[in-house]
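Worksheet: one structure, shown below.
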Protein chains: 2
Amino acid sequence: MDAFTFHNPTKIVFGKACVAQLGQELAKYGQNVLLTYGGGSIKRNGIYEDVMAQLKAAGKNVVELSGIMSNPRTEKVQEGADLCREHKIDFILAVGGGSVIDCSKFIAAVAKTAPDYDWWEHMFMKRENVTDALPFGVVLTMSATGSEMNNRGVVTNWELQKKMGGYGDALYPQFSFLDPVYTYSMPHNQMINGICDMLSHLMEQYFSLPETNNLSDALIEAAFKNIMANAAIAIKNPEDYEARSNLMWGATLALNGIMGLGKKQDWMAHQIEHALSAFYDIPHGAGLAIVHPMLLRYIFKNHVPRFVRFAKNVWGLSEDEYANEATLALAGIDALRAYFKSIGAPTTLTEVGIPAEALPKIATSSNRYPTSYTNFTTEDILAIYQSAL
Amino acid sequence: MDAFTFHNPTKIVFGKACVAQLGQELAKYGQNVLLTYGGGSIKRNGIYEDVMAQLKAAGKNVVELSGIMSNPRTEKVQEGADLCREHKIDFILAVGGGSVIDCSKFIAAVAKTAPDYDWWEHMFMKRENVTDALPFGVVLTMSATGSEMNNRGVVTNWELQKKMGGYGDALYPQFSFLDPVYTYSMPHNQMINGICDMLSHLMEQYFSLPETNNLSDALIEAAFKNIMANAAIAIKNPEDYEARSNLMWGATLALNGIMGLGKKQDWMAHQIEHALSAFYDIPHGAGLAIVHPMLLRYIFKNHVPRFVRFAKNVWGLSEDEYANEATLALAGIDALRAYFKSIGAPTTLTEVGIPAEALPKIATSSNRYPTSYTNFTTEDILAIYQSAL
């Protein structure tokens with residue numbers, strides 16, 4: 001295992017009706033709370049009332065910021081930070097999925113900077129460690145990004161057509177409440193995108209050096225299979241509590257730092273996907289379902305033993321049935337792509353309306369950096385996009 | 001999954017020569033440090049020098065408490081707490097394995113109480129949550145107990161012949177440094193005991209309700225197999241860095257709270273073992289290797305599907321080869337016992353010098369409580385001991 005430092009101080013409160021305990025957590029923080037959420041579905045499914053009851057019982061002054069969009073944008077971060085300054089906000093409570101949480105993380109960070117601070121440049125382009133932020137907590141309504149228990153987030157600068165990740169020691173939520181029942185009303189497509197996202201997170205960690213018999217690899221394989229098994233149940237019956245609870249915790253665990261310890265973690269599929277959604281605003285999970293298998297196909301020949309392990313341990317394929325290791329490795333990747341297709345995720349760019357002629361510009365825009373597996377050029381990224389048309 | 005709360009704020013610094021970063025962690029705490037360790041092996045293997053160099057460079061005033069024994073005793077806790085009061089200790093640095101860490105946790109807790117406080121009664125007999133303690137950190141030298149990343153510990157009151165566990169929010173280490181190289185010089189027997197201990201920790205979580213297709217169960221199976229695979233390598237070559245690193249992180253993960261989330265966790269094998277070592281001072285891991293398989297044999301008939309899963313997923317046994325589910329379930333338990341024997345752990349009480357006539361008294365002394373699987377009587381515990389003679 002590679003050397004690592006792990007320190008994740010987020011408190012998780014998990015289970016049916018856990019939000020009944022929210023008030024006692026809120027009591028530890030100041031009076032003025034910014035409540036952040038998305039398009040208003042929480043007002044239709046009762047979550048808004050649950051949360052407001054807790055805020056009211058805790059005697060908080062609540063300011064609301066609604067309308068946080070999927071792929072949250074810089075303008076929304078700025079709007080939230082301005083609200084924090086204006087209302088002397090002490091604490092931010094994010095109610096939603098990854099987009100709401102990511103946006104809230106950077107609202108919390110930007111609120112602590114001077115009004116003229118070029119936070120986009122520092123936090124995203126230079127990726128400086130964010131060491132100061134308002135404290136914030138989460139009530140999770142979607143299983144997908146893991147943002148509820150990590151210190152990173154992604155924001156889109158639509159003007160620059162850049163979707164970038166930032167991170168920092170101050171960006172761990174103080175707490176996150178995970179009630180699996182809250183995910184019952186998630187739209188079907190969002191559930192599917194979430195499943196693709198959590199599996200992709202596991203693969204970003206798994207497909208990287210070292211390739212020794214690492215405990216983290218074994219845990220990832222176990223989680224990957226458990227997520228698929230529970231996804232099958234939840235797709236059939238969205239109100240299966242056991243399946244939803246496993247998916248909810250699986251998504252959190254897939255990106256809270258634990259699963260990839262001792263691994264380099266390459267995260268190139270995410271870079272390649274971010275460029276797509278920066279231009280076409282497609283859901284992140286859908287973009288990953290399209291590009292991740294094709295990225296793996298593009299690189300597998302240099303890491304055949306790892307892909308053979310994936311084919312055997314995750315997909316149950318047997319070397320007896322394939323001519324050689326390379327064909328077995330490829331069959332594992334094809335099984336992944338077939339799986340995404342089988343649950344209704346898009347697997348081509350055409351399906352999400354991205355045409356061939358747009359790809360050179362997107363490829364040029366994609367972040368790239370040397371990873372443990374590869375050192376992509378713009379041409380490599382373009383080739384991956386083109387293979388996914 | 002059952003409801004749960006998880007909040008583990010311990011910082012882990014892992015890897016070869018990681019102790020070079022100890023000074024910068026120590027800088028966050030006060031000047032007066034109590035350095036705690038065991039029988040002095042750290043002076044022979046160079047770890048003492050590494051740690052002292054960091055303490056010195058950080059400009060600390062160091063008071064030493066050595067001689068912490070395996071199965072640490074109340075007298076040693078009291079001695080440490082008295083030293084803390086006398087020298088106005090700000091921070092405790094524990095260098096060792098589970099015994100040193102557990103003892104240091106309660107030194108940290110008792111140091112914050114009034115000198116006449118009956119801490120044994122409150123912290124152990126009544127198991128009150130310890131909410132105040134001196135801050136403390138760990139340099140780990142043994143892979144076994146997981147105490148380096150949890151909030152509990154076990155102390156023996158030799159006078160009362162009681163070995164009891166205590167816990168508390170204030171008992172998480174501030175940090176733990178895990179250098180796999182530091183475990184190279186661990187005596188062979190202690191390595192074997194440590195392997196038994198970590199596997200037992202996983203089983204205490206695995207063999208409990210609920211028995212649904214829980215992500216935690218899948219992670220436990222993966223960790224169990226990875227630990228056995230890496231143990232085989234480390235037993236042959238104690239200086240295999242990859243194997244040692246996996247064992248070290250595996251032991252921590254086996255008891256840092258993550259693996260059993262959503263499970264009730266029964267922990268009865270530990271209770272039954274603690275009674276043995278309270279009377280005979282045998283190593284905890286050795287006691288577990290003896291009693292855990294026999295406890296499982298005693299209870300498996302009421303939970304056959306779970307034991308069938310264990311037999312198949314952990315031991316690779318196939319239902320085709322067994323007459324029925326019960327014989328398959330039993331074969332899995334026998335495989336466990338045979339495994340302990342194969343690595344040189346004791347599997348009978350006779351081997352560790354505990355005679356039949358001592359068992360009734362020990363059984364009476366064992367803690368017992370209703371668990372998700374069983375509600376043991378003293379007679380049940382005696383029967384388990386007798387089956388392990």
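Scope of the values below: all heavy atoms of this structure, side chains included, with no hydrogens, waters or symmetry mates. The shown structure was predicted, so the numbers you read here are calculated from the model rather than taken from an experiment.
- Checked against ring pair (Phe, Tyr, Trp, His ring centres under 6.0 Å), A:Phe307 has the following partners two or more places apart in sequence or in another chain: A:Phe207.
- For B:Tyr241, the part lying near chain A is the side chain, with the backbone staying farther off; criterion is any non-hydrogen pair under 4.5 Å.
- With values rounded to the nearest 0.5 angstrom, A:Leu253 atom CG is found 6.0 Å from B:Leu219 atom CG.
- Using a 4.5 Å cut-off between heavy atoms, B:Asp2 touches chain A through its backbone atoms (N, CA, C, O) alone.
- Within the 4.5 Å cutoff, the side chain of A:Asn8 has no heavy atoms near those of the B:Asn8 side chain.
- For the options A:Ala243, A:Gly250, A:Ala222, heavy-atom pairs under 4.5 Å to chain B are most numerous at A:Ala222.
- Looking at heavy atoms from C-beta onward, A:Glu242 lies out of side-chain contact with B:Asn213 at the 4.5 angstrom threshold.
- Checked by atom type and distance alone, the side chain of A:His7 pairs as donor or acceptor with a backbone atom of B:Pro9 at under 3.5 Å.
- Taking the six-membered ring where the residue is Trp, B:Phe4 and A:Phe14 present parallel rings, their angle staying beneath 30° rather than reaching 60°.
- For B:Met149, the part lying under 4.5 angstrom from a heavy atom of chain A is the side chain only.
- Looking at A:Ala223, both its backbone and its side chain come within 4.5 Å of chain B, counting heavy atoms on both sides.
- When heavy atoms are compared at a cutoff of 4.5 Å, A:Leu261 approaches chain B solely by way of its side chain, counted from C-beta outward.
- Ranked by non-hydrogen atom pairs under 4.5 Å with chain B, the options A:Leu215, A:Val13, A:Thr5 are led by A:Leu215.
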